[in-house]
Structure formats: structure tokens, C-alpha cells
Amino acid sequence: MQAAEIPAGYMQDALGRLTPVDRIEPIDLERNDLVVEMVNQAKELKKQLIAFKLGGMGDIAALIELSADKYNVKMGGKKGNVSLTSYDGRYKVQRSIAENIDFDERLQVARELIDQCIQRWANGIDSKVRVLVDHAFQVDKQGNISTSRILSLRRINIDDEEWKQAMEAIADSIRVSGSTTYLRIYERVGESEQYAPISLDIAKL
């Protein structure tokens, strides 16, 4: 039942049951009002943060274009990390763009080649390599595989043609599925050369 369909003087519980307001314990009403009020405030803050991020990204892009115009350079796309510092060096704003990487079906080919290597090497393989391989191909609860663990296999230098072929298959299977843009704000710590982030994560405040 939708909230709009709830009759006046009633409240709906988590199981969808309607209860007259005058039969609900006062402490339950107070708790409900507190939670609803905080959620509404959080939603409003979320809108403000989204507007802040989008506005900031637009302003940074405009500044980059302004700098490019000075040198008659035409900027293409939105790629590139940028670090902007206030004139006095007290504040710093960073825009970073991270590519989202996943793998196509050739990753399974790589896994088969690696398994063949391990079987062929039998007891001659370093147990650490076997653990790294098994760990790399593990999936999480959503069925996703860890990009960093897969790519870490390519740093293992093994002089074996089939292993090298597997590493090539991993490289060929990589595809960029999108990108994520981050906006980070920093403030200098005293007179030091270090900057501390101005956290916009409510859990870290």
C-alpha cells in the first residue's frame, strides 16, 4: 500500500499493516519522526552535494578551456587529472578520472591456459603462484572478479611460452567500460607541505 493511500489518523508499519495513530506508543512516534526528519535532511544534503560536484566539475572544465584558449589549444574530451591550488597555497582542489575496467571472454581463455600450465608444471610450481592464481579468479557475492588481482598476475615473471600466452590473453581481454570522476578538496596542514582532505563523507566527520 502506498503512503498516499493511508487513511488519515493511521500509520503503516513495516509489514504493511495499518494502525491508528492513537494506539501507537509515543516513543515509537518520536522515533519515527526523528528518523523521517533526518532522512529528509540527508536527501536534501545529497542534492546539494550533487549540485556542488557538478558545478565544480563544470567550473574546472571552464578554467581548463580558459587556459587552453591562451595558447590557442583546442581541448578534446574530459580525460585527465587536474590539481588546482589557491594563490596562497593553502587550499587544493583535485579532479581525477579513473577508468572502469572489466574483461571479455578472453579472460576465460587465459584461465584455461594458466590451468594447463599449473597441471604441466605439477609439483614444480611455487605454491605461492598457485595461491595467487586461485585468489585472482575468485568472485565476490555479486559474481564480480577483482580487476587488480587479475592484473597482478601479469607482474609474475615466468619464463614459459604458455604462461606468456595466458598473460597476452589477459591483456587482450581488458576493456574500458566507463569512467568515474572524483572531486577532492584539501587544506594545508599548518605550515607543512602536507594537505589534509576536507571530508564530505558523513561517516568520516
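As the structure is a computational prediction, the values presented were derived from the model and not from experiment. Throughout, numbering of the chain's residues begins at 1 and tracks the sequence.
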**Prompt:** Ile174 and Leu151: side chain to side chain contact (heavy atoms under 4.5 Å, CB included), yes or no, with the steps?
**Reply:** CA-CA 9 Å; Ile174 297 172; Leu151 296 180; 3.5 Å; yes
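- Distance check: Gln116 CD to Asp160 CG gives 11.0 Å after rounding to the nearest 0.5 Å.
- Ala110 and Ala166 make their closest contact through CB-O, 3.5 Å (heavy atoms, listed as atom of the first residue, atom of the second, distance).
- Salt bridge present: Asp104 and Arg106 bring a charged side-chain N and a carboxylate O closer than 4.0 Å.
- Applying the 6.0 Å contact sphere to CG of Asn157 captures no more than 12 heavy atoms from other residues, nucleotides or ligands.
- Rounding to the nearest 0.5 angstrom, the gap separating the CG atom in Leu54 from the CD1 atom in Ile50 is 7.0 Å.
- Leu45 and Ile198 are assigned to two separate hydrophobic clusters, defined by single-linkage of ILVMFWY side chains at heavy-atom distances under 4.5 Å.
- Partners of Ile27 under the side-chain contact (heavy atoms from CB on, under 4.5 Å) rule, at least two apart in sequence or in another chain, are Glu25, Arg31.
- Residue Leu183 is grouped with residue Leu49 when hydrophobic side chains (ILVMFWY) are merged at heavy-atom distances under 4.5 angstrom, including chains of intermediate members.
- With sequence neighbours left out, the side-chain contact (heavy atoms from CB on, under 4.5 Å) criterion links Tyr10 to Ile6, Pro7, Leu18, Pro20.
- For the pair Val109/Asp172, no side-chain contact is recorded, criterion being any heavy-atom separation below 4.5 Å from C-beta on.
- Both Ile114 and Ile158 are members of a single hydrophobic cluster when ILVMFWY side chains are connected at heavy-atom separations under 4.5 Å.
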**Request:** Step by step, work out the side chain to side chain contact (heavy atoms under 4.5 Å, CB included) result for Met167 and Lys164.
**Result:** CA-CA 5 Å; Met167 296 305 102; Lys164 291 178 181 178; 5.6 Å; no
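- No side-chain heavy atom of Arg184 sits less than 4.5 Å from a side-chain heavy atom of Pro197.
- Between the side chain of Thr147 and the backbone N or O of Ile101, at least one donor-acceptor pair lies under 3.5 Å.
- The backbone N or O of Phe103 sits nowhere less than 3.5 Å from a side-chain atom of Ser173 that would complete a donor-acceptor pair.
- For Asp201 and Ser199, the side-chain atoms include no donor-acceptor pair closer than 3.5 Å.
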**Request:** Please step through side chain to side chain contact (heavy atoms under 4.5 Å, CB included) for the pair Ser83 and Lys92, ending with a clear verdict.
**Result:** CA-CA 7 Å; Ser83 182; Lys92 182 165 60 175; 3.3 Å; yes
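- Within a 6.0 Å radius of CD in Glu30, no more than 12 heavy atoms belonging to other residues, nucleotides or ligands are found.
- The CG atom of Leu34 sits 6.0 Å away from the CE atom of Met38 when rounded to the nearest 0.5 Å.
- Hydrophobic clustering of Ile, Leu, Val, Met, Phe, Trp and Tyr side chains at less than 4.5 Å, counting indirect connections, keeps Phe137 apart from Leu113.
- In this structure a side-chain-to-backbone donor-acceptor pair under 3.5 Å is present from Arg149 to His135.
- Taking CZ from Arg155 and OG from Ser152, the interatomic distance works out to 5.5 Å, rounded to the nearest 0.5 Å.
- Counting non-hydrogen atoms of other residues, nucleotides and ligands closer than 6.0 Å to CD of Gln194 gives a total of 12 or fewer.
- A salt bridge between Glu193 and Arg188 is present, with a side-chain N of the basic residue lying under 4.0 Å from a carboxylate O of the acidic one.
- Checked by atom type and distance alone, the side chain of Asn32 never pairs as donor or acceptor with a backbone atom of Asp28 at under 3.5 Å.
- Atom CD in Glu99 sits 13.5 Å away from atom CZ in Arg175 (nearest 0.5 Å).
- The two residues Leu29 and Met11 come nearest to each other via the heavy atoms CD2-SD, 3.4 Å.
- Nearest heavy atoms, Ile97 versus Asn81: N-OD1, 2.8 Å.
- For the pair Asp134 and Arg111, the salt-bridge criterion is met [side-chain N within less than 4.0 Å of a carboxylate O].
- A 4.5 Å side-chain heavy-atom check between Thr85 and Tyr195 finds at least one atom pair inside the cut-off.
- When side chains are defined from C-beta on, Arg95 counts as touching Ile64, because their heavy atoms get closer than 4.5 Å.
- Gln165 is not listed as a side-chain neighbour of Glu161, based on a closest heavy-atom distance of 4.5 Å or more.
- Hydrophobic clustering keeps Tyr182 apart from Val82 (ILVMFWY residues linked when any side-chain heavy atoms are closer than 4.5 Å, directly or through intermediates).
- When all heavy atoms are compared, the tightest approach of Thr19 to Arg23 is CG2-CB, 4.4 Å.
- Counting heavy atoms from C-beta outward, Glu44 and Lys47 have side chains that approach closer than 4.5 Å.
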**Prompt:** Given the rule in the side chain to side chain contact (heavy atoms under 4.5 Å, CB included) test, do Leu107 and Ile145 qualify, once you have shown the distances and angles that lead to the verdict?
**Reply:** CA-CA 11 Å; Leu107 183 64; Ile145 203 161; 4.1 Å; yes
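- In this structure, Ile156 and Trp163 approach most closely via the heavy-atom pair O-NE1, 3.4 Å.
- Distance CZ/Arg90 to CD/Glu191: 9.5 Å, rounded to 0.5 Å.
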